[in-house]
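These notes concern the structure reproduced below.
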Amino acid sequence: MTEGTTAAAEGGDTLTRLEQEGEIAADYLEGLLDIADLDGDIDMDVEADRAAVSIVSDVSSRDLQKLVGRDGEVLEALQELTRLAVHRETGDRSRLMLDIADYRAKKRAELSEQGAKAAAEVKNTGEPVKMNPMTPFERKVVHDAIKAAGLRSESEGEEPQRFVVVLPA
């Protein structure tokens, strides 16, 4: 095999593995929805080299909000449980991302805006800006927004009080 063919085969293997993770997660989550007697459809995708599974509903998402919880706490717990279910089936650690009722999508847009505002402040003042404590998902979104604005950022502190510091270029 040539180097290009090997890379393509590895890429195909990765995609197949991530699709399998999504299938396992979807089965697990469908069972959970049945037990909880909640309506929702499961969407699967592969984004940024990780399986992405979403629970969406055509009707009022009020029921699904129970699965999000306050500040996404229930969503985070369900994501970890879903990752464990995938790990149990595959034997591999999963980086699967779970979204429910577009909570993460909305949060991502909100955090990108916060990151852009912090970047603008640093550009104007030349001084570092410390942001509020965030989850790993939230910090990743902010780091990406800061990088897109052409600045640097670092995470400081210990969980659960870990936060992003936006630095001048």
Side-chain angles (χ1 to χ4, degrees), residues 1-36 38-58 61 64 67-69 71-116 119 131 134-156 158-160 162-164 166:
M1 250 191 245
T2 67
E3 188 174 310
T5 308
T6 303
E10 287 173 3
D13 290 346
T14 299
L15 181 60
T16 301
R17 181 181 53 78
L18 294 175
E19 288 172 345
Q20 178 189 19
E21 284 186 19
E23 293 286 339
I24 294 166
D27 290 344
Y28 176 79
L29 292 165
E30 283 176 6
L32 181 76
L33 290 174
D34 287 344
I35 290 168
L38 296 172
D39 290 326
D41 296 320
I42 310 289
D43 288 339
M44 296 178 293
D45 201 0
V46 174
E47 299 172 359
D49 292 332
R50 63 171 55 184
V53 179
S54 300
I55 301 175
V56 295
S57 179
D58 293 335
S61 62
L64 291 183
L67 297 178
V68 173
D71 296 328
E73 290 174 342
V74 176
L75 171 58
E76 290 289 335
L78 289 173
Q79 178 175 276
E80 284 307 309
L81 290 171
T82 305
R83 286 176 174 177
L84 287 171
V86 170
H87 177 73
R88 184 184 68 225
E89 292 288 323
T90 65
D92 295 327
R93 182 179 175 276
S94 174
R95 295 178 49 234
L96 175 132
M97 287 296 293
L98 174 62
D99 193 4
I100 299 174
D102 285 331
Y103 175 82
R104 284 196 197 275
K106 292 172 188 169
K107 189 75 171 174
R108 183 176 283 121
E110 183 182 303
L111 290 165
S112 291
E113 186 177 318
Q114 286 178 14
M131 301 183 76
M134 299 177 187
T135 67
F137 161 75
E138 293 169 337
R139 289 192 310 270
K140 170 73 169 109
V141 172
V142 171
H143 284 303
D144 290 346
I146 301 303
K147 184 177 180 180
L151 296 179
R152 299 179 305 118
S153 59
E154 297 175 352
S155 291
E156 293 183 4
E158 298 294 324
E159 295 292 353
R162 200 156 168 79
F163 59 93
V164 174
V166 184

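- Minimum interatomic distance between M44 and V53 (heavy atoms only, all atoms of both residues): CG-CG2, 4.3 Å.
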- Message: Is there a side-chain hydrogen bond (donor to acceptor under 3.5 Å, both in side chains) between H143 and S153? Walk through the geometry before answering.
- Response: CA-CA 6 Å; H143 284 303; S153 59; 2.5 Å; yes
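- Distance check, rounded to the nearest 0.5 Å: NZ of K107 to CZ of F137 gives 8.5 Å.
- A side-chain donor-acceptor contact under 3.5 Å links Q79 to the backbone of L98.
- Partners of A119 according to the side-chain contact (heavy atoms from CB on, under 4.5 Å) rule, which considers only residues two or more places apart in sequence or in another chain, are I146, A149, L151.
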- Message: side chain to side chain contact (heavy atoms under 4.5 Å, CB included), that's the test. Do Y28 and E89 meet it? Break it down for me.
- Response: CA-CA 11 Å; Y28 176 79; E89 292 288 323; over 6 Å; no
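- The main-chain N or O of Y103 is found under 3.5 Å from a side-chain atom of D99 such that the two form a donor-acceptor pair.
- Remark: E30 pairs with D27, I42 by the side-chain contact (heavy atoms from CB on, under 4.5 Å) rule, at least two apart or across chains.
- Contact between L64 and I100 at its shortest, heavy atoms only, is O-CG2, 3.6 Å.
- Taking OG1 of T82 as the start and NE2 of H87 as the end, the distance is 14.5 Å to the nearest 0.5 Å.
- Applying the side chain to side chain donor-acceptor pair (under 3.5 Å) rule to Q114 yields no partners; only residues at least two apart in sequence or on another chain are considered.
- In this view, E154 and R152, E156, L167 satisfy the side-chain contact (heavy atoms from CB on, under 4.5 Å) rule, not counting sequence neighbours.
- Judged by the 6.0 Å distance and 45° axis criteria, R139 is not positioned over the aromatic ring of F163.
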- Message: Go through it in stages, so that I can follow the logic: the residues are K147 and D144, the test is side chain to side chain contact (heavy atoms under 4.5 Å, CB included), and I'd like the CA-CA distance, side-chain angles, deciding distance and then a yes or no.
- Response: CA-CA 5 Å; K147 184 177 180 180; D144 290 346; 5.6 Å; no
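- Looking at every heavy atom in both residues, K106 comes nearest to A101 through NZ-O, 4.0 Å.
- Among pairs with a residue in residues 40-54, none fulfils salt bridge (charged side-chain N to carboxylate O under 4.0 Å, His left out), at least two apart in sequence or across chains.
- T90 contributes a side-chain N or O that, together with a main-chain N or O of D92, makes up a donor-acceptor pair within less than 3.5 Å.
- Of the listed residues (E19, E21, Q20), just one forms a side-chain hydrogen bond (donor to acceptor under 3.5 Å, both in side chains) with R17, and that residue is E21.
- With rounding to the nearest 0.5 Å, the separation of CG in D102 from OG in S57 is 11.0 Å.
- Counting only heavy atoms from C-beta outward, the side chains of S155 and M134 never approach each other to under 4.5 Å.
- Side-chain atoms of E80 do not come within 3.5 Å of backbone N or O of A77 as any donor-acceptor pair.
- In terms of heavy atoms, V142 sits closest to G115 at CG1-CA, 4.3 Å.
- Closest of all the heavy-atom pairs between V74 and G69 is CG2-CA, 3.7 Å.
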- Item | Audit row: M131, E138, side chain to side chain contact (heavy atoms under 4.5 Å, CB included) steps and yes/no | CA-CA 11 Å; M131 301 183 76; E138 293 169 337; over 6 Å; no
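- When the side-chain contact (heavy atoms from CB on, under 4.5 Å) test is applied to L32, the partners found at least two apart in sequence or on another chain are L29, L78.
- One finds a salt bridge joining E76 and R104 here, because a Lys/Arg side-chain nitrogen approaches an Asp/Glu carboxylate oxygen to under 4.0 Å.
- A pairwise comparison of heavy atoms in L33 and G40 identifies CD1-O, 3.9 Å as the closest pair.
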